[in-house]
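Reviewing the structure listed below.
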Amino acid sequence: MSYNFITAAEAASLIKDGEIVGLSGFTPAGSPKAVTAELAKLARERHERGEHFQIGIITGASTGDSCDGELTRAHAIKFRAPYTTNADFRKAVNNGEINYTDIHLSQVAQRLRSGFLGHVNTAIIEACELTEDGRIFLTAGIGISPTVARLADKIIVELNAAHSKSLIGMHDLYEMERPPYRRPIPIVRPSDRIGLPYIQVDPSKIVGVVEVNMQDEARGFHEADPVTDKIGQNVAEFLAADMRRGIIPSTFLPLQSGVGNIANAVLSALGKDPSIPPFEMYTEVIQNSVIKLVKEGRIKFGSTCSLSVTNDCLQDIYDNMDFFRHKLVLRPSEISNCPEVVRRIGVISMNTAIEADIYGNVNSTHICGTKMMNGIGGSGDFTRSAYISIFSCPSTAKGGCISSIVPMVSHLDHSEHSVNVIITEQGIADLRGKSPMERAQAVIENCAHPDYKQLLWDYLKISTKGQTSHSLSAALGMHQVFMKEGDMRLTNWADFQR
């Protein structure tokens, strides 16, 4: 059939107040850009006329400013799941203006299929190619694209010329069945392929095709600094030591790495360590550092949900697709983050924390327990099933006024039962096989900043003794002092013992 080619504004007009809209992509990679921006304009016009216009947004992960930013500033989002990184959106969520549901990324597609998140009315899918029989070839990020395309009543395709058609064949799209009696995911190594290179839909569901030429709204990261470099070195030294002890096989194990400066520093350190052999990645996001290591031969293969790289780096991949085609594969998030696969192939997970407590619990989402930062993302998907789960962070924040190592986390995302190792620039706390008090001693001695080490030892002295020792009146005392005085170093435990 021939499709209806329309403008982004015309496509936006097809979306009605109260609808739930599902988007392609994972991070700004592969996310729609033109229709969502026009949807924000439409919302402003409706609001100026005194009309109500808000929609629900469900995505694979974060998007770019043309989606989360524009729609937030237009007050057009009523509900959003599962993850975001946009500053304006974050502010609106913390002000109570948007209902935000933070979900493990591997679970989003199944929750949609099961009806937990409502019915998807419209899917907006970015593609590099579209055929008349309903084959949609995706771009640099997958997310929940196969699921929202199948469930939606209508589909709008953004056909983006900024993405090379050479991407065709790099995707491996497989949608899991609904329970019960779901078949195993047949992946035993990162390079295994189990699905199709395209999404197949009923062509009659595609109500409009919008031709665009828009690059991904890629996020850059700060250059490494001495703190992140030292964290990276500590992670590399820990993994190399485990390999020497035979805990990690001599062939090494697949790695998962989170997003950001610390993740880049860790991968850079691993790439430079001659004792670590070339390795594979089974991860949700690939950044510039991974592509560099692939080109250098230090990473043999990368399975991912998203090429979350700068535009220059993405163009380099497109220009050298003959090289990269057999070294990368793009999967839906329910496969890239699948705990079943993570456990089977022995993935080592490496994620960042906002704070960790002395017993090994990790907060990765909330500042001082109340203000959402981004969301849990895929960290839980990997941590719970990892062969070894590692969390890293600088030992302090805000110029030393905040300790990232605290008596009790102000919000719990990953419990002590799932966290194996905590690493800061100060050192490494291996928590495997340790009792709570042994963990506390390891974390304080090895990971806490010198400005806070004695303060944390003193906390243990005032704690009620037990299998896990705590002072319930003082457990969040450092947070309370920061909120009142702006500096955790001013904590006086006697103030909480009265």
- Message: Filter on ring-ring contact (aromatic ring centres under 6.0 Å, His included), then keep only pairs touching residues 81-116, sequence neighbours left out; what's left?
- Response: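 For residues 81-116, and leaving out neighbouring residues, the ring-ring contact (aromatic ring centres under 6.0 Å, His included) pairs sorted by first residue read F89-Y100.
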- Please list all pairs passing the ring-ring contact (aromatic ring centres under 6.0 Å, His included) test where one or both residues lie in residues 17-42, with sequence neighbours left out.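 For residues 17-42, and leaving out neighbouring residues, there are no ring-ring contact (aromatic ring centres under 6.0 Å, His included) pairs at all.
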Of all heavy-atom pairs between [X] and [Y], which one has the smallest distance, and what is that distance?
X: S13; Y: L42; result: CA-CD1, 3.7 Å
X: A43; Y: F53; result: CB-CD2, 3.7 Å
X: T383; Y: S349; result: CA-OG, 3.9 Å
X: I77; Y: D68; result: CD1-O, 4.3 Å
X: S145; Y: G25; result: OG-N, 3.8 Å
X: D487; Y: V481; result: O-CG1, 3.3 Å

- Where do F137 and R135 land on the side chain to side chain contact (heavy atoms under 4.5 Å, CB included) test, with the steps shown first? CA-CA 6 Å; F137 294 87; R135 297 184 184 188; 4.0 Å; yes
Is a donor on one side and an acceptor on the other found under 3.5 Å between the side chain of [X] and the backbone of [Y]?
X: E334; Y: I144; value: no
X: T283; Y: S257; value: yes
X: N94; Y: M372; value: yes
X: S404; Y: E355; value: no
X: K205; Y: G134; value: no
X: T304; Y: E284; value: yes
X: R343; Y: S385; value: yes
X: R384; Y: G380; value: yes
X: Y452; Y: G400; value: yes
X: T491; Y: M488; value: yes

Can you see whether [X] engages [Y] through a side-chain donor-acceptor pair at a distance of less than 3.5 angstrom?
X: S308; Y: S306; value: no
X: T85; Y: N374; value: no
X: H411; Y: D413; value: yes
X: Q256; Y: D381; value: no
X: S204; Y: D202; value: yes
X: T101; Y: R80; value: no
X: R182; Y: Q110; value: yes
X: S66; Y: E217; value: yes
X: N361; Y: S415; value: no

- Task: Please work out which of the three classes, parallel, tilted or perpendicular, describes the rings of Y359 and H470, given edges at 30° and 60°.
- Result: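 The rings of H470 and Y359 stand perpendicular, inter-plane angle above 60°.
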- Item | Pairs meeting criterion salt bridge (Lys or Arg N to Asp or Glu O under 4.0 Å) with involvement of residues 12-27, two or more places apart |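 Passing the test, one end in residues 12-27: E19-K154.
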- Message: Taking salt bridge (Lys or Arg N to Asp or Glu O under 4.0 Å) as the cut-off, I'd like each qualifying pair that reaches into residues 27-40, sequence neighbours left out, listed once.
- Response: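 Those involving residues 27-40 are K33-E126, K33-D216, E38-K41.
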Does a side-chain heavy-atom distance below 4.5 Å link [X] with [Y]?
X: R46; Y: H52; value: no
X: I15; Y: L39; value: yes
X: S471; Y: F496; value: no
X: V209; Y: L130; value: yes
X: I390; Y: N351; value: no
X: V409; Y: V362; value: no
X: I125; Y: I156; value: no
X: P332; Y: C305; value: no

To the nearest 0.5 Å, what is the distance between [atom1] ([X]) and [atom2] ([Y])?
X: D229; Y: N264; atom1: CG; atom2: CG; answer: 11.0 Å
X: I98; Y: R90; atom1: CD1; atom2: CZ; answer: 12.0 Å
X: L167; Y: L138; atom1: CG; atom2: CG; answer: 9.5 Å
X: I358; Y: I444; atom1: CD1; atom2: CD1; answer: 4.5 Å
X: L314; Y: S164; atom1: CG; atom2: OG; answer: 9.0 Å
X: L196; Y: D172; atom1: CG; atom2: CG; answer: 8.5 Å

- Sidechain N-carboxylate O distance under 4.0 Å for E175, R113: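 So E175 pairs with R113 through a salt bridge.
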- Message: Please enumerate all residues that pass side-chain hydrogen bond (donor to acceptor under 3.5 Å, both in side chains) together with R73, with sequence neighbours excluded.
- Response: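 D65, D88.
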- Decide yes or no on side chain to side chain contact (heavy atoms under 4.5 Å, CB included) for C128 and I168, but give the supporting numbers first. CA-CA 8 Å; C128 67; I168 293 174; 4.1 Å; yes
In a table with atom names and distances, give each donor-acceptor pair under 3.5 Å that connects a side chain of residues 392-399 to protein atoms at least two apart or in another chain.
from: S395; atom 1: OG; to: E425; atom 2: OE2; distance (Å): 2.6

- When you look at V148 and L112, which way does the side chain to side chain contact (heavy atoms under 4.5 Å, CB included) test go after all the steps? CA-CA 8 Å; V148 294; L112 277 171; 3.8 Å; yes
- Query: What about H414 and F391, are their ring centers closer than 6.0 Å?
  - Reply: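 Under 6.0 Å, so yes.
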- Message: Pair T122, V120 - check side chain to side chain contact (heavy atoms under 4.5 Å, CB included), show working.
- Response: CA-CA 6 Å; T122 303; V120 180; 5.9 Å; no
